[in-house]
2 protein chains.
Amino acid sequence: MRERQTRQLDATYAVVHAAHDHPTAEHVHERVQQRLKRISLGTVYRNLQKLVAQGRVRVVRIGPRSARFDAMLEPHEHFMCEICDEITDLSSAVAVPIRRTSLRRRGYNVTGQTTTFFGTCPRCARATRSN
Amino acid sequence: MRERQTRQLDATYAVVHAAHDHPTAEHVHERVQQRLKRISLGTVYRNLQKLVAQGRVRVVRIGPRSARFDAMLEPHEHFMCEICDEITDLSSAVAVPIRRTSLRRRGYNVTGQTTTFFGTCPRCARATRSN
DNA sequence: CTTTCTGCAAACTCTTTGCACTCGT
DNA sequence: ACGAGTGCAAAGAGTTTGCAGAAAG
């Protein structure tokens with residue numbers, strides 16, 4: 001046997017899959033603890049790594065803070081609000097796959113891509129204006 | 001007076017500006033030390049922050065390792081090789097500005113964007129094939 | 001039973017910071 | 001000479017890891 005199915009792994013995946021807010025490892029830990037009170041942060045980190053290696057979860061590295069996790073596997077883009085730090089999903093542009101082809105012609109092997117927009121989200125933009 | 005022009009700040013900017021390989025803070029430190037032997041890593045970090053705040057340098061946060069710095073201010077995309085960790089510049093797609101407009105219509109205030117492709121660069125792709 | 005996984009705590013990496021001193025202006 | 005900037009070393013955040021014991025198959 002190679003990989004075991006543990007409560008900790010299942011719960012970690014369930015939390016990331018249910019989340020729609022790109023949680024950090026610490027967020028995931030807090031949420032998993034609601035079900036498994038004794039799970040440690042180290043285990044959450046190990047299981048997140050495992051899920052990423054299995055391709056069931058993706059890492060989103062944006063901004064100066066911690067890595068964030070996402071079980072949305074369909075290609076999509078992100079918007080990061082520099083005021084509230086919230087990351088929202090954007091539906092993917094149609095134009096993008098074309099660029100991959102041109103890179104492949106130049107000898108690159110492209111396995112992934114991310115586009116992130118930065119700025120102020122509508123909610124924070126409104127709040128800023130009214131202050 | 002507000003900001004002073006120190007040897008350390010000048011040298012830090014000169015190194016980033018001359019670099020074409022997206023150096024980490026530690027890289028920048030090593031290179032600046034060739035001219036100012038007593039400069040500390042903390043000072044390099046503080047000066048890199050200052051340059052970023054001034055808009056003379058950009059931070060590139062890709063991959064699990066440290067932040068990397070770039071004085072190339074024209075819009076461009078990145079390719080990160082997952083084997084050798086090298087980040088290369090790609091000329092920017094023409095299609096991208098269009099998407100910003102559509103985000104603005106939805107209430108986002110867009111101040112920046114990055115697109116990164118992941119995979120294997122031509123050199124590593126060749127090396128892998130021949131092994 | 002065997003081997004992987006876990007909890008815990010310590011270690012590690014990257015970055016920031018407090019303090020006394022230095023150096024631009 | 002005033003105060004922003006510096007070097008140094010210690011502290012912080014985020015993440016990884018060694019180990020002894022727990023538990024999946």
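The chains referred to below are lettered A, B, ... by the order of the sequence lines, with proteins before strands, and numbering in each begins at 1. Just the heavy atoms: all of them, side chains too, but no hydrogens, waters or symmetry mates, feed the values below.
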Side-chain N or O of [X] versus OP1/OP2 of [N]: is the shortest distance under 4.0 Å?
| X | N | result |
| --- | --- | --- |
| A:Ser66 | D:dG14 | yes |
| A:Lys50 | C:dT4 | no |
| A:Arg7 | C:dT6 | no |
| A:Arg2 | C:dT3 | no |
| A:Thr6 | C:dT6 | yes |

Mapping A:Thr43 and B:Arg65 onto DNA chain C by nearest heavy atom, which one lands closer to the 5' end?
A:Thr43
Pick the closest DNA chain C nucleotide for B:Gln5 and for B:Phe69 by heavy atoms, then say which residue is nearer the 5' end.
B:Phe69
Calculate the interatomic distance between [X] atom [atom1] and [N] atom [atom2]; express it in whole Å.
| X | N | atom1 | atom2 | answer |
| --- | --- | --- | --- | --- |
| A:His27 | D:dT15 | NE2 | P | 13 Å |
| B:Leu41 | D:dG7 | CG | C1' | 11 Å |
| B:Gln49 | C:dT15 | CD | C1' | 8 Å |
| A:His29 | D:dT16 | NE2 | C1' | 15 Å |
| B:Leu48 | C:dT16 | CG | C1' | 13 Å |
| A:Asp85 | D:dG14 | CG | P | 11 Å |
| A:Asn47 | D:dA24 | CG | C1' | 14 Å |
| B:Glu3 | C:dT25 | CD | P | 12 Å |

A:Arg31/A:Asp21 salt bridge by N-O under 4.0 Å criterion
yes
Can you classify the ring geometry of A:His78 versus A:His22 as parallel (below 30°), tilted (30 to 60°) or perpendicular (above 60°)?
perpendicular
Which nucleotide in the list [options] gets nearest to the side chain of [X]?
| X | options | result |
| --- | --- | --- |
| B:Tyr45 | C:dT25, D:dT15, C:dT15 | C:dT15 |
| B:Ile39 | D:dG5, D:dG14, D:dG7 | D:dG7 |
| B:Gln8 | C:dT16, D:dT6, C:dC8 | D:dT6 |
| B:Arg46 | C:dT4, D:dG5, D:dG7 | D:dG7 |
| A:Arg4 | C:dT2, C:dT25, C:dC14 | C:dT2 |

Result of checking A:Val60, A:Leu48, A:Thr12 against A:Phe69 for side-chain contact (heavy atoms from CB on, under 4.5 Å)
A:Leu48
Give a yes or no on whether the backbone of A:Glu74 and the side-chain of A:His76 come within a donor-acceptor separation of less than 3.5 Å.
yes
Is B:Arg38 touching bases, backbone alone, or none of the nucleic acid, heavy atoms closer than 4.0 Å?
sugar-phosphate
What is the nucleic acid contact for B:Lys37, judged by heavy atoms within less than 4.0 Å: base, sugar-phosphate only, or nothing?
nothing
Are A:Val32 and A:Val28 close enough that some pair of their side-chain heavy atoms sits under 4.5 Å apart?
yes
Under the side chain to side chain contact (heavy atoms under 4.5 Å, CB included) criterion, do B:Arg68 and B:Ile87 qualify, and how do the steps go?
CA-CA 9 Å; B:Arg68 307 178 61 159; B:Ile87 296 175; 3.7 Å; yes
